[in-house]
Undergrad: 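Okay, here's the structure, questions in a sec.
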Amino acid sequence: KVSPDDVQSLSQCDIPHPRMLDADFIQFSYAPRSLHEDKTLLGCLSMFEDLNFISRWRIRRDSLARFVLMVKKGYRNPPYHNWMHAYTVAQFCYQLIKNLKLEESLDDIELFALFVSCLCHDIDHRGTNNSFQNASKSVLAALYSSEGSVLEDYQQVLDLMRDIVLATDLAHHFKILKQLREMAERGYDKSSLKDRKNLLCLLMTSCDLSDQTRPWDNTKKVAALIYKEFFSQGDMEKSKGLQPIDMMDRERAQIPALQIGFLDHVALPVYKLLGMMFEPAHEVADRVNDNKNHWEKISNLIKLKRGGSQVRMTFEE
Ligand SMILES: COc1ccc(Cl)c(-c2nnc3c(C)nc4ccc(C(=O)NCC(C)C)cc4n23)c1
Ligand SMILES: [Mg+2]
Ligand SMILES: [Zn+2]
């Protein structure tokens with residue numbers, strides 16, 4: 001369903017090195033949303049190339065072009081869970097692989113499956129997981145041209161992707177949190193299949209929440225997108241005579257307080273665990289903490305203003 005012209009031009013263009021897209025492309029302080037959406041497919045090719053996936057997995061240029069075009073087309077256009085979310089999640093995955101030297105902790109095929117899962121993990125977002133299963137099979141089929149591809153690798157990648165994408169459900173993350181803590185405290189053991197599975201899940205969640213690891217301006221903009229999505233879901237529930245939870249109710253949500261809670265109880269622990277196993281990840285946990293402190297400043301300002309509405313999206317700096 002992608003245009004042959006788009007496939008052809010994406011197959012024949014020169015692939016730039018990531019630093020040509022932005023001098024800070026590899027830095028955790030870089031905000032991937034600063035790359036214009038028109039250049040994100042080139043960004044994907046650039047990351048595939050720089051991670052050496054194209055040669056390692058003998059991926060034909062036309063198959064790769066078709067694949068990234070199909071994945072991008074597979075996303076709908078809600079305020080947050082759209083293609084730019086998938087692209088930023090994959091970009092953080094690229095930074096983790098490079099900065100944490102993950103090739104020393106995981107196999108090539110596990111890193112490849114993780115990166116591809118980042119791109120695909122919220123395809124057709126509406127909580128319609130089964131449509132993800134079908135969608136991912138068809139886009140992955142594009143990745144492997146029938147002749148010459150090593151079909152057992154294909155099956156292995158699919159099996160890994162299934163577990164990694166299922167791990168993006170926060171309920172799954174909470175379920176394995178105790179094991180993640182135990183692994184981080186004891187130290188990662190790459191000869192343990194359980195540790196490798198759990199590390200892949202932790203890395204996937206780290207990528208999925210990575211907007212919270214970027215400078216404040218990015219965090220603030222992303223919050224506006226997330227609550228726009230939450231509030232329209234709440235409006236829909238109200239139109240059906242249901243009372244949405246506060247987080248989705250534009251009349252009741254206290255965004256700073258909700259964000260402080262999410263960063264405190266969900267995001268920060270994820271990056272702290274990562275920091276316990278990979279020294280360079282300390283920087284990332286610190287930035288999540290800075291963002292939490294920023295929300296606390298705003299929350300205190302709103303409290304100071306008697307009766308200040310908490311739902312305003314134009315926050316004081
Ligand atoms: C990893 O899977 C997901 C799925 C969907 C979303 Cl929106 C997110 C996500 N990504 N960034 C955010 C931010 C900045 N704030 C959030 C505030 C609340 C919740 C939420 O789902 N709360 C209920 C739950 C804890 C029981 C999710 C939030 N979130 C992640
Ligand atoms: Mg998701
Ligand atoms: Zn996601």
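Position 1 is the first residue of the sequence; numbering continues from there. One-based numbering, in listed order, for ligands and for the atoms of each.
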Undergrad: May I ask you to check whether His125 and Asn82 show a side-chain donor-acceptor distance below 3.5 Å?
TA: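 No, no side-chain donor-acceptor contact under 3.5 Å.
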
Undergrad: Please verify the inter-ring angle class for Phe25 with Tyr30; under 30° counts as parallel, over 60° as perpendicular, anything in between as tilted.
TA: tilted

Undergrad: When you measure from the Mg ion (ligand 2) to each N, O or S atom of Asp122, which atom gives the shortest distance?
TA: OD1

Undergrad: At less than 4.0 angstrom from any non-hydrogen atom of Asp208, what atoms of ligand 1 do you find?
TA: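 Once the distances to Asp208 are compared, the set is 1 (C), 2 (O).
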
Undergrad: Just going by heavy-atom distances, which of Tyr80, Phe262, Phe174, Phe230 is nearest to atom 7 (Cl) of ligand 1?
TA: Phe230

Undergrad: Going by an N to O cut-off under 4.0 Å, is there a salt bridge joining Arg61 and Glu49?
TA: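 The answer is no: the pair does not qualify as a salt bridge.
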
Undergrad: Tell me: protein heavy atom nearest atom 8 (C) of ligand 1, and distance?
TA: Leu209 CD2, 4.5 Å

Undergrad: Quick check, are the ring centers of His121 and His85 under 6.0 angstrom apart?
TA: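 Ring-ring flag for His121/His85: true, centres closer than 6.0 Å.
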
Undergrad: Applying the ring-ring contact (aromatic ring centres under 6.0 Å, His included) test to Phe115, which of Tyr94, Phe92, Phe53 qualifies?
TA: Phe53

Undergrad: Give the contacting part of Ile226 toward ligand 1: side chain, backbone, both or neither, where contact means a heavy-atom distance below 4.0 Å.
TA: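 Side chain only; the backbone of Ile226 stays clear of ligand 1.
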
Undergrad: Touching ligand 1 at all, Gln259? Heavy atoms, strictly under 4.0 Å?
TA: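 Yes.
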
Undergrad: Could you check which N/O/S atom of Asp208 is closest to the Zn ion (ligand 3)?
TA: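 Nearest to the Zn ion (ligand 3) within Asp208's N, O and S set: OD1.
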
Undergrad: Which residue owns the protein heavy atom closest to atom 24 (C) of ligand 1, what's the atom, and how far is it?
TA: Leu170 CD1, 4.3 Å

Undergrad: So, 4.0 Å and heavy atoms of Met247: is ligand 1 close enough to count as a contact?
TA: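 Judged by the 4.0 Å heavy-atom criterion, Met247 does count as contacting ligand 1.
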
Undergrad: Taking both backbone and side chain into account, is any N, O or S atom of Asp169 nearer than 2.8 Å to the Mg ion (ligand 2)?
TA: no

Undergrad: Does His81 reach ligand 1 with a nitrogen or oxygen that is under 3.5 Å from one of the ligand's nitrogen or oxygen atoms?
TA: no

Undergrad: What atom name does the N, O or S atom of Asp122 nearest to the Zn ion (ligand 3) carry?
TA: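 Nearest to the Zn ion (ligand 3) within Asp122's N, O and S set: OD2.
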
Undergrad: Could you list which atoms of ligand 1 come closer than 4.0 Å to a heavy atom of Gln212?
TA: 14 (C)

Undergrad: Side-chain contact, heavy-atom cut-off 4.5 Å: Thr219 with Thr213?
TA: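 No; the side chains remain at least 4.5 Å from each other.
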
Undergrad: Return a yes/no value for Thr168: is any of its N or O atoms, backbone included, closer than 3.5 angstrom to an N or O of ligand 1?
TA: yes

Undergrad: Do the charged groups of Asp124 and Arg76 touch, with an N to O distance under 4.0 Å?
TA: yes

Undergrad: Check the angle between the aromatic planes of Phe230 and Tyr227 and answer parallel, tilted or perpendicular using the 30° and 60° thresholds.
TA: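 Answer is perpendicular, since the angle exceeds 60°.
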
Undergrad: Before you tell me yes or no, could you show the steps for Arg186 and Asp195 under salt bridge (charged side-chain N to carboxylate O under 4.0 Å, His left out), namely the whole-Å CA-CA distance, both residues' side-chain angles and the distance that decides it to 0.1 Å?
TA: CA-CA 11 Å; Arg186 148 179 54 88; Asp195 274 17; 2.8 Å; yes

Undergrad: If the cut-off is 2.8 Å, does any N/O/S atom of His81 fall short of it from the Zn ion (ligand 3)?
TA: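 No.
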
Undergrad: Any salt bridge linking Glu185 with Arg181? Criterion: basic side-chain nitrogen under 4.0 Å from a carboxylate oxygen.
TA: no

Undergrad: Would you check if the Zn ion (ligand 3) lies under 2.8 Å from any N, O or S atom of His121?
TA: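 Checking the Zn ion (ligand 3) against His121, an N, O or S atom does fall under 2.8 Å.
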
